[in-house]
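The figures here come from the full heavy-atom set of this structure, side chains too, leaving out hydrogens, waters and symmetry mates. Here is the naming used below: chain letters follow the sequence lines, and residue numbers restart at 1 for every chain.
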2 protein chains.
Amino acid sequence: MTVTIYDVAREANVSMATVSRVVNANQNVKPATRKKVLKVIEELGYRPNAVARGLASKKTTTVGVIIPDISNSMYAELARGIEDIATMYRYNIILSNSDQNENKELQLLETMLGKQVDGIVFMSDVISSELLYEMQRSPTPIVLAGSIDESAAIASVNIDYYGAAYEVVKKFIDNGHKKIAFVSGPFTSRINKAYKLKAYREALADAGIEFDENLVVECNNTYDEGIEAAKTLAAFEPTAYFVSNDEMSIGVLHGLGELGKTIPEDAEVISYENSKLARMARPTLTSVAFPLYDIGAVSMRLLTKYMNDEEIEEKQVILPYRIEERQSTKQE
Amino acid sequence: MTVTIYDVAREANVSMATVSRVVNANQNVKPATRKKVLKVIEELGYRPNAVARGLASKKTTTVGVIIPDISNSMYAELARGIEDIATMYRYNIILSNSDQNENKELQLLETMLGKQVDGIVFMSDVISSELLYEMQRSPTPIVLAGSIDESAAIASVNIDYYGAAYEVVKKFIDNGHKKIAFVSGPFTSRINKAYKLKAYREALADAGIEFDENLVVECNNTYDEGIEAAKTLAAFEPTAYFVSNDEMSIGVLHGLGELGKTIPEDAEVISYENSKLARMARPTLTSVAFPLYDIGAVSMRLLTKYMNDEEIEEKQVILPYRIEERQSTKQE
DNA sequence: TTGAAAGCGCTAACAG
DNA sequence: CTGTTAGCGCTTTCAA
């Protein structure tokens, strides 16, 4: 029924090995033979079976990608970065959503290893010790994308979360703000708690401003919670808002709008993400550019190095960030 | 090195077949034997090799998904729908971006068939005849998600694009509008040209309103082009705008705002997508709810039926749409 | 430059 | 309920 390498070999009067060489662009084939084989392949409509190839060669040219949720634009951007580089190196991607559920993550890891992927790109706000343990004993290389593993045991690609947050708060302080709100994503995420919040506190401390826990709101990264946060914070009259992502920032903008505040005159807002939403907000959002696409791309590139046993210069890659100035902050 | 089914069989003093039965939850195994095998599996850390399994069984429990661009929220939503149902049926997904490039689409199809996927979900605005030809001779079932194949040769899941567009225009007409603009996506897409535009023309004709080509703008579905379109159209003073997606609608809203127009008093706007952006716009957007997630989910479900040789009631599925009323149209 | 042959790790009859 | 035995379609030594 389906035509196999054997059929091609028979028709072309050569051995399977020769057909295999032709298909794999091996140089050790006489041009005339190659041509003859190619012709038969064409005639028969032969299509190499990647599964059989994978079993024999122990390489599937497929990598696993485990992310929280592809319908969230941040992760979608990351996924696109991963896929583009994967395609460039001729890998395909098995994509799965974990919803940040640890059991699902463990199970996905297991499934992908079972499918013999050549490597895995993993993203999650929190890497439990069990997950870390499993990753370390993985027979296949793993790269963390935009995720922190405190032990630095697993390769990863991130930006300087602390530095970016510190710079934002410092900027507010330099502009004369004393009451600076921090509308954060969940503190279960190490990035939010051990990096951004820490930077927030230390930037305040370095400027001699006392930390006020009323000015910090932990949210679930949604638009509605951004609106809520703005209203909750109103009682404490902050004049500057540092918000963890664009969607929530728009929520803050709208919440503030409902309270009659004008941005940036009454309060300045700096977001953290810089997706296309930042330009679609009114006023447009000043935002820390969090390069998700690049993180994905670099993660995948790093993974190819592991898969090819290339030398790794740095296992923990830190990408640059920048702050994109727009209308939600005052321009000098 | 890696532990195989043979190692387990030897340790447990049973045959490979028995181990296979245990692993595949086959009932024909004595509980005691099962337990013994399970224990050895645990001890040895045996993990079934899905590639070998795929070669032997001719099933990979993997389906291919070919979409234009995962970083576009519409397709991301679709992908999530597909993945959720796939997971439910224990399939994994190989996800690839085609960027609507026909050669890439053909090549991806080829690659996925080579990888022996059990089925494919495909999405593209235009299905060329060559693509159609390849799909028809695919040894593996294919379902089109949110894509039109005029010949109806391939199974598909869509909504009634014509009906939805007709209803929007009719609604505008009933509200007394005479100059109704249509800000469309590319007319290379059959959905835009043969369904939406057709409905727009026919709704006007049915109401005795003459078609004015100046009121139709073909765009590339982006925010910036939405702004542009609003400005271009201004010369013809439309009082109603039917826009092809949320991002572009927000562009129109902002373009109109810059021209000093108030929505919905000066002009009404109805979008087509109803993503979360619709609620984040100001004013919030009335929008045709285009159920991408559902289209993905139903496509995948339909695909499982083909993969399991279940009976198919309808090959061309049409899902319902509805119009979500918000502030960009006048409320009665 | 080419071929023969031995697997890769598993499933699926078939037999008992 | 369990074991034996062929493959699945390809890569990869090893020889020639």
Side-chain angles (χ1 to χ4, degrees), chain A residues 1-38 40-41 44-62 110-118 139-140, chain B residues 1-38 40-41 44-62 90 110-111 113-118 139-140:
Chain A
M1 209 198 72
T2 61
V3 12
T4 74
I5 197 173
Y6 178 75
D7 300 318
V8 176
R10 183 168 30 72
E11 285 307 304
N13 282 310
V14 296
S15 70
M16 290 164 54
T18 299
V19 178
S20 177
R21 288 188 187 99
V22 171
V23 168
N24 293 296
N26 184 315
Q27 288 310 301
N28 295 38
V29 181
K30 191 161 50 169
T33 316
R34 177 190 312 283
K35 202 174 159 194
K36 180 175 62 176
V37 172
L38 249 17
V40 174
I41 285 178
L44 267 46
Y46 168 67
R47 171 189 293 139
N49 180 324
V51 173
R53 197 185 278 203
L55 184 59
S57 70
K58 298 184 171 304
K59 292 204 182 320
T60 56
T61 62
T62 301
E110 186 67 19
T111 303
M112 293 192 172
L113 293 176
K115 293 219 169 175
Q116 312 299 119
V117 295
D118 295 336
T140 253
Chain B
M1 208 199 71
T2 62
V3 10
T4 74
I5 198 173
Y6 178 75
D7 300 319
V8 176
R10 183 168 29 72
E11 285 307 305
N13 282 311
V14 295
S15 69
M16 289 163 56
T18 298
V19 178
S20 177
R21 288 189 187 99
V22 171
V23 168
N24 293 295
N26 184 314
Q27 288 310 299
N28 296 33
V29 181
K30 190 161 52 170
T33 317
R34 176 190 312 284
K35 201 174 161 195
K36 181 174 62 176
V37 172
L38 249 18
V40 175
I41 285 178
L44 266 46
Y46 168 66
R47 171 188 296 139
N49 180 325
V51 173
R53 196 184 278 200
L55 184 60
S57 70
K58 299 184 171 301
K59 291 203 181 318
T60 55
T61 63
T62 301
R90 316 236 105 98
E110 186 66 19
T111 304
L113 292 176
K115 293 220 168 174
Q116 312 297 118
V117 294
D118 296 336
T140 253

If the condition is side-chain hydrogen bond (donor to acceptor under 3.5 Å, both in side chains), which residues does [X] pass it with, not counting sequence neighbours?
X       : result
B/Ser20 : B/Asn24
A/Thr33 : none
B/Arg47 : A/Glu110
B/Thr61 : A/Lys115

Segment of DNA chain C, first to last nucleotide, that comes within the 4.0 Å heavy-atom reach of chain A: C/dT1 to C/dG9
Pairs flagged by salt bridge (Lys or Arg N to Asp or Glu O under 4.0 Å) wherever residues 16-37 of chain B is involved - sequence neighbours left out: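 The answer is none; no pair qualifies.
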Residues from residues 31-38 of chain B lying under 4.0 Å of DNA chain C - heavy atoms: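 Here the set is empty: none.
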Atom pairs and distances, donor-acceptor, side-chain atoms in residues 9-18 of chain B, under 3.5 Å, two or more places apart:
{"unit_1": "B/Arg10", "atom_1": "NH2", "unit_2": "B/Asp7", "atom_2": "OD1", "d": "2.8"}
{"unit_1": "B/Ser15", "atom_1": "OG", "unit_2": "B/Ala17", "atom_2": "N", "d": "3.4"}
{"unit_1": "B/Ser15", "atom_1": "OG", "unit_2": "B/Thr18", "atom_2": "N", "d": "3.3"}
{"unit_1": "B/Ser15", "atom_1": "OG", "unit_2": "B/Thr18", "atom_2": "OG1", "d": "3.4"}

Angle by which the axis turns from one end of the helix from C/dT1-D/dA16 to C/dG16-D/dC1 to the other, five pairs per end, to 10 degrees: 30°
Neighbours of DNA chain D within residues 10-21 of chain A, by heavy-atom distance under 4.0 Å: A/Met16, A/Ala17, A/Ser20
Nucleotide range of DNA chain D lying under 4.0 Å from chain A heavy atoms: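 Extent of the interface on DNA chain D: D/dG9 to D/dT12.
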side-chain contact (heavy atoms from CB on, under 4.5 Å) partners of B/Lys58, counting only residues at least two apart: none
Nearest-0.5 Å distance that lies between atom CG in B/Leu113 and atom OG1 in B/Thr140: 6.0 Å
Pairwise 5' ranking along DNA chain D for B/Leu55 and B/Val29, keeping only the more 5' one: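 So the residue in question is B/Val29.
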side-chain contact (heavy atoms from CB on, under 4.5 Å), paired with B/Ile5, selected from B/Val23, B/Val22, B/Val19: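 For B/Ile5, the side-chain contact (heavy atoms from CB on, under 4.5 Å) check succeeds only for B/Val19.
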Within-4.5 Å side-chain heavy-atom neighbours: B/Val3 and B/Val8: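 They are in contact (side-chain heavy atoms under 4.5 Å apart), so the answer is yes.
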